[in-house]
Undergrad: 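What follows is a single structure, and I will ask about it in a moment.
Every chain is numbered from 1 and lettered A, B, ... according to where its sequence line falls, protein lines coming before strand lines.
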Amino acid sequence: MDDSLFSSYLDKPSIFKNKNILTSNYIPDKIAHREEQIKQLASIVAPALRSYSPNNAFVFGTVGTGKTISAHFVMNELLTAAKKNKTVPIKTIYINCKMKKVADTEYRLFARLLKEFDCVVPDTGLPTDVLYRKFFELIDKQEQIIILVLDEIDALVSKVGDEFLYNLTRINTDLTKAHLAIIGITNDLSFTDALDARVKSSLGEEEIIFPPYNALQLRDILMERAAAGFNDGVLEESVINKCAALAAQEHGDARRAIDLLRVAGEVAEREHETKISEKHVDIAEQRIDLDRVTESVKTQPRQSQAVLYAIIKADSDKLGSLLTGDVFDKYKEICTNNGLKILTQRRISDLIAELDMLGIIHTKVISHGRYGRSREISLAIEGTVLDNVKKILFDRFGE
DNA sequence: GTCAATTCACATGAAAGAGACCACGGTCTAGTG
DNA sequence: CTAGACCGTGGTCTCTTTCATGTGAATTGACGA
């Protein structure tokens with residue numbers, strides 16, 4: 001069985017030493033260029049070690065600036081320090097509020113919190129305030145300090161309002177034994193403006209800002225990861241520079257940089273090369289784009305796909321600018337051909353806005369004076385990516 | 001020629017409905033001793 | 001007598017509709033030079 005199906009994979013020396021390190025949710029032992037922020041965050045949560053309740057805090061920074069990873073890092077450190085010092089029990093809870101079906105509503109947020117305390121509640125059916133009370137009773141049973149990290153908190157607030165935050169802060173004043181500190185992470189710098197004044201003042205006791213990385217810092221980060229993640233000698237120095245430069249253009253997104261590097265490695269491996277070169281980075285960039293778009297197109301609900309298909313078809317039919325009305329007409333056609341229910345234009349307008357958010361199309365509201373005001377729609381994808389999307393949609397809807 | 005009013009084709013917001021899912025408590029039914 | 005089936009009520013959640021209001025510049029038409 002020597003030349004089994006997989007022998008060619010196993011025989012070849014792998015490019016990767018530890019691929020895990022090259023994913024963006026890996027937490028390294030030390031986080032480069034974030035010393036200042038980590039120190040700040042540590043000083044905020046440090047009172048927990050002396051059994052005082054830490055202040056609430058907000059962490060700001062655009063995507064890929066290391067907020068989440070730093071928060072994880074500090075929480076881990078805090079827990080190990082607490083273990084050594086034998087303090088009041090400290091519990092840290094990390095919740096990503098954007099995760100679909102996990103914590104994207106108030107009910108589910110509390111359900112998730114309860115789950116952290118081994119209290120399983122049904123997905124639905126209970127009034128939210130029952131969960132709230134349950135949570136309250138549960139944590140106040142014993143003396144403890146709970147640090148709750150709410151990642152992407154802006155997503156949840158924009159969806160369900162800021163009332164739950166108010167409830168959470170109020171919990172704190174009613175607790176007798178336990179303490180609850182909230183650390184909100186957001187990539188919307190103006191997030192607090194929209195908050196209720198009461199929430200803002202009690203939650204924004206401390207603020208930490210994570211600036212974007214520049215190309216040099218990204219390079220350092222990649223160097224570290226690459227050294228641990230790749231086998232020696234598979235990487236040309238220029239590859240790292242290129243990844244760093246590309247990601248720096250995208251507002252210094254370290255996640256992007258790391259993904260680029262990893263995918264470049266995967267591409268090289270697939271092509272049975274022993275070295276990663278710059279051309280692999282180019283391919284990786286395209287592939288990440290392709291994967292991102294096709295994935296989100298595939299997972300869109302049918303109606304949304306129909307709208308996208310309408311946009312693509314109308315775009316190729318029509319010269320000049322494409323307006324919501326044009327798309328709606330085309331969409332109606334597609335629906336009748338496929339026995340799909342025709343939704344109102346109001347709804348289509350929203351679906352178009354969502355597609356814009358996904359980065360699949362570009363959208364701009366412009367006024368044509370006497371001839372009304374509408375969105376001018378254009379495709380944000382082209383070439384192979386567009387062809388792929390077309391194919392997916394064609395399979396779904398045919399002509 | 002100038003200027004304010006008009007007008008279009010939607011955008012944007014708010015509220016509420018439909019239908020799926022579910023928990024809970026009470027009532028009914030059938031099986032058991 | 002009791003365990004389990006069944007039902008009504010009330011809850012969440014997503015997708016959608018309905019109703020209402022907003023918007024910005026091309027066009028229009030009144031007006032004065």
Undergrad: Over how many whole Å does the gap from A:Leu351 atom CG to B:dC10 atom C1' extend?
TA: 16 Å
Undergrad: Does the side chain of A:Ile240 come within less than 4.5 Å of A:Leu218's, by heavy atoms?
TA: no
Undergrad: Reading DNA chain B from 5' onward, which residue's closest nucleotide shows up sooner: A:Arg346 or A:Gly325?
TA: A:Gly325
Undergrad: Is A:Lys100 touching bases, backbone alone, or none of the nucleic acid, heavy atoms closer than 4.0 Å?
TA: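 No contact.
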Undergrad: Give the rounded distance in Å between these two atoms: CG of A:Leu340 and P of C:dC15.
TA: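 Those two atoms, CG and P, are 15 Å apart.
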Undergrad: When you check the phosphate oxygens OP1 and OP2 of C:dC13, does a side-chain N or O of A:Thr124 lie under 4.0 Å from one of them?
TA: no
Undergrad: Roughly, in whole Å, what's the span from CG in A:Leu323 to P in C:dT23?
TA: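 Computing the A:Leu323:CG to C:dT23:P distance gives 20 Å.
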Undergrad: With a 4.0 Å limit, can you tell me whether A:Lys101 has a side-chain N or O closer than that to the phosphate oxygens OP1/OP2 of C:dT12?
TA: no
Undergrad: What is the minimum heavy-atom distance between A:Leu290 and A:Asn388, and which atoms define it?
TA: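 That would be CD1-ND2, 3.6 Å.
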Undergrad: Would A:Asp123 and A:Arg108 satisfy salt bridge (Lys or Arg N to Asp or Glu O under 4.0 Å), going step by step from the backbone distance to the final call?
TA: CA-CA 7 Å; A:Asp123 294 343; A:Arg108 295 214 260 251; over 6 Å; no
Undergrad: Check whether any side-chain N or O of A:Ser349 sits under 4.0 Å from OP1 or OP2 of B:dC10, and answer yes or no.
TA: no
Undergrad: Could you check A:Asp123 against A:Gly372 and say which one's nearest nucleotide on DNA chain B is further toward the 5' end?
TA: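 Counting from the 5' end, the first nearest nucleotide belongs to A:Gly372.
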Undergrad: State whether the distance check finds a donor on one side and an acceptor on the other, under 3.5 Å, for side chain A:Arg347 versus base C:dT16.
TA: no
Undergrad: Please give, in whole Å, the distance from B:dA18 P to A:Gln303 CD?
TA: 19 Å
Undergrad: Looking at A:Arg370, I'd like to know whether one of its side-chain N or O atoms comes within less than 4.0 Å of OP1 or OP2 on C:dA25.
TA: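 Negative; the distance criterion is not met.
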Undergrad: Does a nitrogen or oxygen in the side chain of A:Tyr371 sit under 4.0 Å from OP1 or OP2 of C:dT27?
TA: yes
Undergrad: Name the closest nucleotide to the A:Pro122 side chain, picking from C:dT14, B:dA23, B:dC10.
TA: B:dA23
Undergrad: Taking atom P of C:dT17 as reference, at what distance in whole Å does atom CG of A:Asp350 sit?
TA: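 These atoms are roughly 11 Å apart.
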Undergrad: Quick one: A:Glu354 CD to B:dT12 P, roughly how many Å, whole number?
TA: 13 Å
Undergrad: Checking contacts here: which listed nucleotide (B:dC24, C:dT17, C:dG11) is nearest the side-chain heavy atoms of A:Leu126?
TA: B:dC24
Undergrad: Measure from OH on A:Tyr107 to P on B:dA20 and round the result to the nearest Å.
TA: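 Atom OH in A:Tyr107 sits about 20 Å away from atom P in B:dA20.
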Undergrad: Which atom names give the shortest non-hydrogen contact between A:Asp196 and A:Asp162, and what distance separates them?
TA: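 The answer is N-OD2, 2.7 Å.
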Undergrad: Validate the cation-pi geometry between A:Arg198 and A:Tyr166: distance from NZ or CZ to the six-membered ring centre under 6.0 Å, angle to the ring axis within 45°.
TA: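 Geometry flag: set, cation within 6.0 Å and 45°.
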Undergrad: Round to a whole Å and report the spacing from OH of A:Tyr331 to P of B:dC10.
TA: 16 Å
